[in-house]
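This report refers to the structure that appears directly beneath it.
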2 protein chains.
Amino acid sequence: MTIFGKFLRAEREKRNWTQSDFGEKIGLNTSAISRIENESQRFSKSKLKALSDLFQIDEQVIKDLYFADKFAREAFQYNCSETIFSVAEQNVKYIKQKKETQGQIEFK
Amino acid sequence: MTIFGKFLRAEREKRNWTQSDFGEKIGLNTSAISRIENESQRFSKSKLKALSDLFQIDEQVIKDLYFADKFAREAFQYNCSETIFSVAEQNVKYIKQKKETQGQIEFK
DNA sequence: TTACATTTGCTAAAAATAAGTCAAGTTGGC
DNA sequence: GCCAACTTGACTTATTTTTAGCAAATGTAA
């Protein structure tokens, strides 16, 4: 399951941790953990590294799950149309390519 | 061009407005407009409706451009992998479907 | 050079995020 | 029934990020 909260819950349960075990390790109380697992609160971006250390899961994987979830929620909340993610993908390509050609000397 | 700043600039120029003309209409000064057009500042979400009225462009279109841009920038900034948007798309589907089945009476 | 347009450095103000508190529930064993 | 684990509501507070105005700098065209 790629939903971030479900992912967290699954990983926590794999390790047989209660929410308060997990909360202690990551620095949150049980209300927060519960809300995060149930997707009514977001996990904090600044704790992603700590999470990847704690779970021993590659940070890129964690980050991708986190942002895919964030974007999905936002797109849903604001009723974006279905094309939005392919447009976003194009935009990333554009930005990357722009970044690359930047810094090159421009001749007029 | 689907990049939001470029889109704004193009629409403004179509109408032969200076940044300060546009700024006056939408409630921002030229600094803000400049930064928004150059993508070093984001257009404010709360002004999207006003923008759609001003440009006479369907709000859905404006919103989609806005969020596609936002997501792309964020994905780029945090170096998300390329798969992220298809995962996000799946997640939206999941959320929608979950929302639908919610509220239905559950029999055990 | 003058005038208008645009960009940028600095910064206060505003907004978004993050997370705690505390109380009042549920849920699922045993 | 009891207990521990979990959920949820209704806040409040703290922190971080972002916005956008001002003024100064730069660009640009006549």
Side-chain angles (χ1 to χ4, degrees), chain A residues 3-51 54 62-63 65-67 69-78 98 102 106 108, chain B residues 3-51 54 63 66-67 69-78 98-99 102-103 105-108:
Chain A
I3 300 280
F4 197 73
K6 284 181 181 290
F7 161 75
L8 282 188
R9 168 160 292 164
E11 291 299 322
R12 172 175 70 79
E13 288 178 344
K14 264 187 203 170
R15 290 161 179 77
N16 275 103
W17 296 344
T18 65
Q19 290 182 338
S20 80
D21 293 337
F22 176 40
E24 235 167 82
K25 290 173 204 294
I26 201 75
L28 289 170
N29 69 10
T30 65
S31 311
I33 301 294
S34 169
R35 279 191 267 253
I36 289 166
E37 287 184 352
N38 291 294
E39 303 274 350
S40 73
Q41 179 175 317
R42 251 204 318 245
F43 189 78
S44 123
K45 198 152 58 190
S46 59
K47 285 194 161 80
L48 289 179
K49 177 72 178 70
L51 188 68
L54 184 60
I62 299 267
K63 229 180 4 176
L65 280 174
Y66 174 83
F67 282 105
D69 186 88
K70 179 172 191 286
F71 296 162
R73 246 147 248 297
E74 228 169 315
F76 175 75
Q77 182 182 354
Y78 292 101
K98 193 180 159 197
Q102 214 180 53
E106 256 176 73
K108 292 194 182 180
Chain B
I3 300 281
F4 199 73
K6 285 182 181 287
F7 161 76
L8 282 189
R9 169 160 289 164
E11 290 299 321
R12 172 175 70 79
E13 288 178 343
K14 264 188 204 169
R15 291 163 179 77
N16 275 102
W17 295 344
T18 64
Q19 290 182 339
S20 81
D21 293 337
F22 177 39
E24 236 168 79
K25 291 172 202 294
I26 201 73
L28 288 171
N29 69 9
T30 64
S31 316
I33 301 294
S34 168
R35 280 190 271 251
I36 291 165
E37 287 184 352
N38 291 297
E39 303 273 350
S40 73
Q41 178 175 318
R42 238 188 269 130
F43 190 78
S44 123
K45 201 150 59 191
S46 59
K47 285 194 162 76
L48 289 178
K49 177 73 177 72
L51 188 67
L54 183 61
K63 227 178 9 172
Y66 174 84
F67 283 105
D69 187 88
K70 179 172 191 289
F71 297 162
R73 246 149 248 297
E74 228 169 314
F76 175 75
Q77 182 183 354
Y78 292 100
K98 193 179 160 197
K99 204 81 185 181
Q102 212 177 57
I105 296 145
E106 257 177 72
F107 296 97
K108 294 195 181 181

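Every chain is numbered from 1, with letters handed out A, B, ... down the list of sequences.
For the pair B/Ile33 CD1 and C/dT7 C1', the computed distance is 13 Å after rounding to whole Å. Between the CD atom of B/Glu24 and the P atom of C/dA5 there is a distance of 11 Å, rounded to whole Å. Atom P of nucleotide C/dT17 and atom CZ of A/Phe67 are separated by 11 Å, given to the nearest angstrom. In this entry the distance linking NZ of B/Lys70 with C1' of C/dA15 reads 13 Å, nearest Å. Between the C1' atom of C/dT7 and the CD atom of B/Glu39 lies a distance of 15 Å, rounded to the nearest Å.
Residues passing the side-chain contact (heavy atoms from CB on, under 4.5 Å) test with A/Arg73 are A/Ile3, A/Glu39, A/Asp69, B/Ile95, sequence neighbours excluded. By the ring-ring contact (aromatic ring centres under 6.0 Å, His included) test, A/Phe76 pairs with no residue at all, sequence neighbours left out. The ring-ring contact (aromatic ring centres under 6.0 Å, His included) search around A/Tyr66 returns A/Phe4, not counting sequence neighbours. Residues satisfying the salt bridge (charged side-chain N to carboxylate O under 4.0 Å, His left out) test with B/Arg42, not counting sequence neighbours, are none. Scanning for side-chain contact (heavy atoms from CB on, under 4.5 Å) contacts around A/Ser40 gives A/Arg35, with sequence neighbours left out. Contacts of A/Lys49 classified as side-chain contact (heavy atoms from CB on, under 4.5 Å), with partners at least two apart in sequence or in another chain: A/Asp53, A/Glu59. Under the side-chain contact (heavy atoms from CB on, under 4.5 Å) criterion, A/Arg9 pairs with A/Arg12, A/Glu13, A/Gln19, A/Glu37, A/Asn38, sequence neighbours left out.
A heavy atom closer than 4.0 Å to some atom of DNA chain D occurs in no member of residues 10-23 of chain B.
Taken over five-pair windows at either terminus, the axes of the helix from C/dT1-D/dA30 to C/dC30-D/dG1 are inclined to one another by 50° (rounded to 10 degrees).
Distances shown here put a side-chain N or O of A/Ser34 below 4.0 Å from the OP1 or OP2 atom of D/dT7. Note on A/Asn38: every side-chain N or O is 4.0 Å or more away from OP1 and OP2 of D/dC6.
Between A/Leu8 and A/Leu51, the closest side-chain pair of non-hydrogen atoms falls below 4.5 Å.
Atoms OG and CD1, from B/Ser31 and B/Ile36 in turn, are 10.5 Å apart once rounded to the nearest 0.5 Å.
Judged as a salt bridge (charged side-chain N to carboxylate O under 4.0 Å, His left out), the pairs with a partner in residues 14-25 of chain A (not counting sequence neighbours) are, in order, A/Glu11-A/Lys14, A/Glu11-A/Arg15. Judged as a ring-ring contact (aromatic ring centres under 6.0 Å, His included), the pairs with a partner in residues 20-39 of chain B (not counting sequence neighbours) are, in order, B/Phe22-B/Phe55.
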**Request:** Classify every nucleotide of nucleotides 9-21 of chain D by which part a protein heavy atom approaches to under 4.0 Å, writing B for the base, S for the sugar-phosphate alone and - for neither, in 5'-to-3' order.
**Result:** BB--------SBB
